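One structure is given here, and the rest of the page talks about it.
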Amino acid sequence: MLNDYLLTVISNIGMISLLAISAYILLITGEISFGQQAYFGISAYSGAIATTLWGWPFWVSLLFGSLLAGIAAGLVSALTVRISGLYFSISTLAFSEMVRLFLLKFSYQKEIDGELLGPNGAEGFGGIRWIFDNNISVFQYTLLIYLILFLVIICLFFIERSGLGMIFRMIGQDPMLTRVHGINPVNYKVFAAVLAGFIAGLGGMLYAHSFTFIEPQIFNVMLGVHSLAYGLIGGLGTVFGPLIGVALDIGLLESIRVIHGYRMIVFGGLVAIMLILMPRGILDEKRVYRLRLALRNWLHV
Amino acid sequence: MFELIKICKSFGNLRVLKSISIKIKSGIVTGLIGPNGSGKTSLVNIMSGIYPIDSGQILLDGNDISGAKSYQISRLGVFRTFQHIRIFERMTVIENIISAMISHESFSFYGFLAQVRNPEDPKVNIAQNILEIMEMENDSNLFAGDLSLPKRRRLEIARVLARDPKVILFDEPAGGMTPKETESLAHLINKNVAPGRTCLVIEHKMDLIAKVCEELCVINHGEKIAQGDPSVVFNQPEVIEAYLGKV
């Protein structure tokens with residue numbers, strides 16, 4: 001039977017996958033964001049405040065945190081949409097650090113059942129007890145995470161096969177040619193950013209309630225760098241690419257105790273090797289297309 | 001009719017276009033020639049909205065489109081090709097062609113989520129017909145980035161056909177082609193592209209110009225030096241001077 005440690009690893013993979021998918025959406029529109037962890041963090045804090053301090057229902061809080069993350073992402077994107085490349089990456093990094101530094105100073109505490117709860121700067125935000133209060137087992141919560149991940153994947157799967165998905169990839173490959181095709185990339189880039197922020201937010205809110213304790217330091221730039229690398233390793237041809245990256249890193253490197261200490265060395269090396277050998281990851285556009293053709297032929301036979 | 005009135009464009013101190021005025025007649029193919037650096041590509045970049053103009057006016061069918069963005073001009077039915085080929089390299093040939101069609105649609109929510117790569121989609125049928133015209137039907141599942149140069153040029157033209165614009169601006173469509181390939185391109189333009197459309201063709205290869213153009217415009221140093229029937233234009237002393245130097 002699944003033990004709790006294995007379940008924690010599996011649920012971790014699910015939550016971080018949402019962050020990786022968020023970074024992936026921006027990667028296919030041609031932008032490298034070092035700041036998706038900010039939206040993960042915004043939603044983790046606001047969602048946890050909603051359930052713990054305000055007593056809101058879980059699903060409402062989940063939507064609240066994720067929408068807030070999406071709105072923040074939309075505002076940042078509206079400001080940065082006209083810059084691209086390195087400048088875009090730097091501005092996303094700057095924003096995410098602003099969020100982290102704000103959380104280090106942010107204190108909002110309330111007495112709940114005789115206990116002072118809520119975020120308190122660098123000391124973090126503990127006592128996010130929704131899971132315990134509602135008697136949710138680790139197994140049930142893992143199922144919940146995978147239900148949400150599944151819904152996100154279904155949505156993205158349809159978006160990718162739609163005209164919208166094609167426009168995202170057109171913008172990612174050649175923005176000028178996309179404009180010549182009568183498409184204004186600005187609207188689509190902001191939309192992609194809102195979508196990415198929302199999905200990162202789903203992951204962040206789930207993360208806060210899974211670990212019951214969060215602190216600003218969790219949402220530092222390394223989390224963002226990892227979420228970018230997951231797409232680059234797993235592949236940018238399909239939404240399943242980043243999931244492979246997450247499974248490789250968290251499933252193998254972080255969770256197997258023997259290699260845990262060498263995780264960053266192995267992971268860094270893996271990223272470097274992948275960028276040379278498979279610049280667009282394991283499941284890149286070509287392999288995905290071949291797999292799809294093979295699958296289609298197989299289904300028709 | 002595409003009309004350029006007293007267009008000026010500078011990059012820093014370099015005056016690329018000096019108050020140039022050109023009328024491009026509807027429904028025919030106009031050639032645009034001139035020595036290297038005379039401002040041909042800049043002119044096409046301005047007509048397609050990629051560069052803003054410093055002063056002057058651009059009229060499309062009598063409507064002022066000066067200052068319009070490239071995506072706005074594209075929606076008015078103007079499409080262009082590039083001297084340095086631009087295709088979506090990480091898409092297949094057929095996806096490249098479909099990409100020129102999806103941007104046509106007004107975006108309803110359903111249009112967003114319509115399955116573009118579904119084999120039953122009518123767009124796939126249209127794209128396949130275009131590939132047959134281009135003699136590329138066996139390449140439809142290849143990635144555009146893996147195509148040879150002449151096939152990339154053909155893909156650009158296939159995209160033009162898929163887009164079905166009123167006005168087409170060709171920037172050196174025969175660049176890098178052999179004489180035989182150029183001839184088949186000329187045939188293709190005359191047969192499938194030009195009829196019913198307004199075309200402007202920038203080209204250095206005079207055999208292509210001679211085969212497809214009904215009107216010729218010559219520019220040099222950012223100024224128009226001649227426009228009219230090709231046989232007349234070629235014999236004007238200014239044109240001979242621009243190409244061969246002063247006697």
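As the structure is a prediction and not an experimental result, all values here were calculated from the model. Here is how names work: the chains are called A, B, and so on, in the same order as the sequence lines, proteins then strands, and each is numbered from 1.
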Residues, nucleotides or ligands: over 12 heavy atoms within 6.0 Å of K9(B) NZ: yes

I need the minimum non-hydrogen distance between G182(A) and S74(B), along with the two atoms involved. N-OG, 3.0 Å

Atom CG in N141(B), atom CZ in R292(A): separation rounded to 0.5 Å? 11.0 Å

Mark yes when over 12 heavy atoms from residues, nucleotides or ligands other than R15(B) sit less than 6.0 Å from its CZ; otherwise mark no. no

Could you give the distance from CD (Q173(A)) to CE (M91(B)), rounded to the nearest 0.5 Å? 5.0 Å

Examine whether an atom of R280(A) lies under 4.5 Å from a heavy atom of chain B, and if so say whether it belongs to the side chain, the backbone or both; otherwise answer neither. side chain

Considering residues, nucleotides and ligands other than I32(A), do more than 12 of their heavy atoms fall under 6.0 Å from its CD1? no

Start with the C-alpha gap between K286(A) and D146(B), add the side-chain angles, then the distance that decides, and say whether side-chain contact (heavy atoms from CB on, under 4.5 Å) holds. CA-CA 11 Å; K286(A) 263 185 206 172; D146(B) 295 341; 3.0 Å; yes

Side chain, backbone, both or neither: which part of S70(B) has a heavy atom under 4.5 Å from chain A? both

With chain A as the partner, which of F88(B), F79(B), F82(B) has the greatest number of non-hydrogen pairs under 4.5 Å? F88(B)

Can you tell me how far apart CD (E285(A)) and CD (E89(B)) are? Round to the nearest 0.5 Å. 11.5 Å

Given side-chain contact (heavy atoms from CB on, under 4.5 Å), test M166(A) with E95(B) step by step and report yes or no. CA-CA 9 Å; M166(A) 183 170 252; E95(B) 285 172 341; 3.8 Å; yes

With side-chain contact (heavy atoms from CB on, under 4.5 Å) as the test, would you mind laying out the steps for L177(A) and R159(B) before giving the verdict? CA-CA 12 Å; L177(A) 185 55; R159(B) 221 168 41 194; 3.5 Å; yes

Select one option (side chain, backbone, both, neither) describing which atoms of I87(B) are under 4.5 Å from chain A's heavy atoms. backbone

Flag side-chain contact, heavy atom, 4.5 Å: N184(A) against R75(B): yes

Step-by-step side-chain contact (heavy atoms from CB on, under 4.5 Å) determination, R163(B) to V180(A): CA-CA 11 Å; R163(B) 182 99 183 138; V180(A) 169; over 6 Å; no

Looking at K205(B), I want to see if its NZ is surrounded by more than 12 non-hydrogen atoms of other residues, nucleotides or ligands under 6.0 Å. yes

